[in-house]
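Written below as structure tokens is the structure these notes are about.
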Amino acid sequence: LPEPGTVEFKDVTFGYPGAEAPVLSNISFTAKPGQTTAIIGSTGAGKTTLLNLIPRLYDATEGEILIGGVPLKELGREAISQNISAVPQRPYLFSGTIESNLRFGAQDAEEEELWEALRIAQADGFVSEREGQLESKISQGGTNVSGGQRQRLCIARALAAKPKTYLFDDSFSALDVSTDAKLRAALVEPTKDAAVIIVAQRVSTITDADQILVLDHGEIVARGTHEELLESSETYQEIVTS
Ligand code: DCP
Ligand code: MG
């Protein structure tokens, strides 16, 4: 059996209910623990849709997705939520405290572990400056923190859960280039045994990924490392220079 956390797509096709054309066609890849798999492609290419199939927000129309060698449909909701942390493209905070938001998926974490997650996510600075710190109130939807702060709190929440698989949907785009770089450097150690799948807009976020999948109109049109794709893929070259 593949290692726990491994994500395998086997010839996956998906169309939204009621839609005529599929949004994803014949997607096959393996995201291994200890590796970063990046997905890049223009807006509407199907990147978010692909990620959303992993925690079963939708089910594949054809083909199969396996986690650690077990088909998603046999895994059960609980195992899925315990093993996979997803940071969505529009990260969501619910009304409560910073702590209650971080503990979603990490109920038993020590307070020190929450701070460690905040440090990695480059969020410890602004949390420690807020009155009440971890007990500081978050309004419904997280409207009383900035977009970049919300993104980092959601990354900290994902880290606190210590999953085997991480899904980051464009999670670094609201950050300035320097914070983005610091955060990704800090992520290396805590995610080193996990399968990490990153959707990115900025090529600089993924140049060191173990494999990059280039998605175009719902199909993987090229795959490889940054250097390989610069040589082989016109679509990738266009993304790099755009
Ligand atoms: N789509 C749909 N119904 C939804 C969500 C998306 O019909 N509930 C369609 C819109 C796009 C296609 O699916 O034509 C792919 O959408 P994605 O959100 O997966 O695309 P990306 O994530 O790649 O785009 P972006 O870079 O803008 O986030
Ligand atoms: Mg998207």
Side-chain angles (χ1 to χ4, degrees), residues 7-31 36-65 67 72 77 80 84-93 121 141-142 146-148 150-155 157-158 165-177 180 183-184 187 195-207 209 211-224 226 229 233-242:
V7 177
E8 287 171 278
F9 272 58
K10 292 187 172 170
D11 216 10
V12 169
T13 292
F14 172 76
Y16 282 98
E20 271 174 35
V23 170
L24 296 170
S25 302
N26 306 104
I27 302 291
S28 295
F29 69 92
T30 302
T36 297
T37 296
I39 301 169
I40 200 157
S42 53
T43 182
K47 305 179 296 296
T48 295
T49 304
L50 190 161
L51 281 194
N52 283 347
L53 294 179
I54 301 171
R56 286 192 73 186
L57 269 62
Y58 298 94
D59 283 326
T61 314
E62 285 170 51
E64 198 173 34
I65 301 169
I67 306 286
L72 268 183
R77 297 278 165 194
I80 289 172
I84 301 171
S85 279
V87 181
Q89 191 164 15
R90 283 174 204 79
Y92 190 77
L93 297 174
S146 78
R150 202 179 309 146
Q151 219 166 18
R152 281 176 279 166
L153 288 173
C154 287
I155 292 168
R157 173 199 282 160
T165 307
Y166 287 92
L167 310 177
F168 294 109
D169 192 350
D170 204 15
S171 304
F172 311 102
S173 61
L175 311 176
D176 60 75
V177 173
D180 175 10
L183 202 163
R184 283 180 301 101
L187 277 176
V196 178
I197 305 181
I198 296 184
V199 165
Q201 293 289 339
R202 264 204 291 262
V203 172
S204 65
T205 307
I206 54 146
T207 44
Q211 67 171 338
I212 301 169
L213 311 175
V214 183
L215 204 61
D216 189 21
H217 293 93
E219 289 180 48
I220 297 176
V221 294
R223 66 180 79 204
H226 175 68
L229 288 168
S233 169
E234 264 181 49
T235 314
Y236 191 71
Q237 288 160 9
E238 279 166 25
I239 293 167
V240 170
T241 51
S242 67

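As the structure lists them, so they are numbered: ligands from 1, and atoms in each ligand from 1.
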For this session: Please determine if the Mg ion (ligand 2) has an N/O/S atom from Gln89 lying under 2.8 Å away.
Result: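 Gln89 does place an N, O or S atom closer than 2.8 Å to the Mg ion (ligand 2).
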Exercise. Is the Mg ion (ligand 2) under 2.8 Å from any N, O or S atom of Thr48?
Worked result: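 An N, O or S atom of Thr48 is closer than 2.8 Å to the Mg ion (ligand 2), so yes.
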I'd like to check which ligand 1 atoms, numbered from 1 as shown, lie under 4.0 Å from a non-hydrogen atom of [X].
X: Thr49; answer: 15 (C), 16 (O), 17 (P), 19 (O)
X: Ala45; answer: 20 (O), 23 (O)
X: Val23; answer: 12 (C), 13 (O), 15 (C)
X: Thr48; answer: 18 (O), 19 (O), 21 (P), 22 (O), 28 (O)

For this session: Name the closest protein heavy atom to atom 6 (C) of ligand 1, giving the residue it belongs to and the distance to 0.1 Å.
Result: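 Going atom by atom, the protein heavy atom closest to atom 6 (C) of ligand 1 ends up being Tyr16 CE1, 3.5 Å.
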For this session: Say whether Thr43, considering both its backbone and side-chain N or O atoms, lies within less than 3.5 Å of an N or O atom on ligand 1.
Result: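 Yes, at least one N or O pair falls under 3.5 Å.
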For this session: Give yes or no for whether the N/O distance cutoff of 3.5 Å, strictly under, is met between Gly44 and ligand 1.
Result: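 So ligand 1 has an N or O lying under 3.5 Å from an N or O of Gly44.
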Problem set entry | Parallel, tilted or perpendicular, as decided by the 30° and 60° cut-offs, for the rings of Phe168 and Tyr166 |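 Parallel: the ring planes of Tyr166 and Phe168 meet at under 30°.
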Problem set entry | Aromatic ring pairing Tyr236/His226, orientation class (parallel under 30°, perpendicular over 60°, tilted between) |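 Correct class here is perpendicular.
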For this session: Answer whether the closest heavy-atom distance between the side chains of Thr48 and Val199 falls below 4.5 Å.
Result: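 They are not in contact (no side-chain heavy atoms under 4.5 Å apart), so the answer is no.
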Exercise. Thr49 and Tyr58: side-chain donor and acceptor closer than 3.5 Å?
Worked result: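 No, no side-chain donor-acceptor pair sits under 3.5 Å.
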For this session: For Leu187 and Phe172, run side chain to side chain contact (heavy atoms under 4.5 Å, CB included): C-alpha distance rounded to whole Å, both residues' side-chain angles, the deciding distance at 0.1 Å, then the answer.
Result: CA-CA 12 Å; Leu187 277 176; Phe172 311 102; 3.9 Å; yes
Exercise. For atom 23 (O) of ligand 1, which of Lys47, His217, Arg90, Gln89 has the closest heavy atom?
Worked result: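 Nearest option to atom 23 (O) of ligand 1, by heavy atoms: Lys47.
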For this session: For side chain to side chain contact (heavy atoms under 4.5 Å, CB included), just list the numbers for Ile54 and Ile67, CA-CA rounded to whole Å, side-chain angles, deciding distance to a tenth of an Å, and then say yes or no.
Result: CA-CA 9 Å; Ile54 301 171; Ile67 306 286; 4.0 Å; yes
For this session: Would you indicate whether Glu234, at its atom CD, is surrounded by more than 12 heavy atoms from other residues, nucleotides or ligands within a distance under 6.0 Å?
Result: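 Counting neighbours around CD of Glu234, 12 or fewer heavy atoms of other residues, nucleotides or ligands fall under 6.0 Å, so no.
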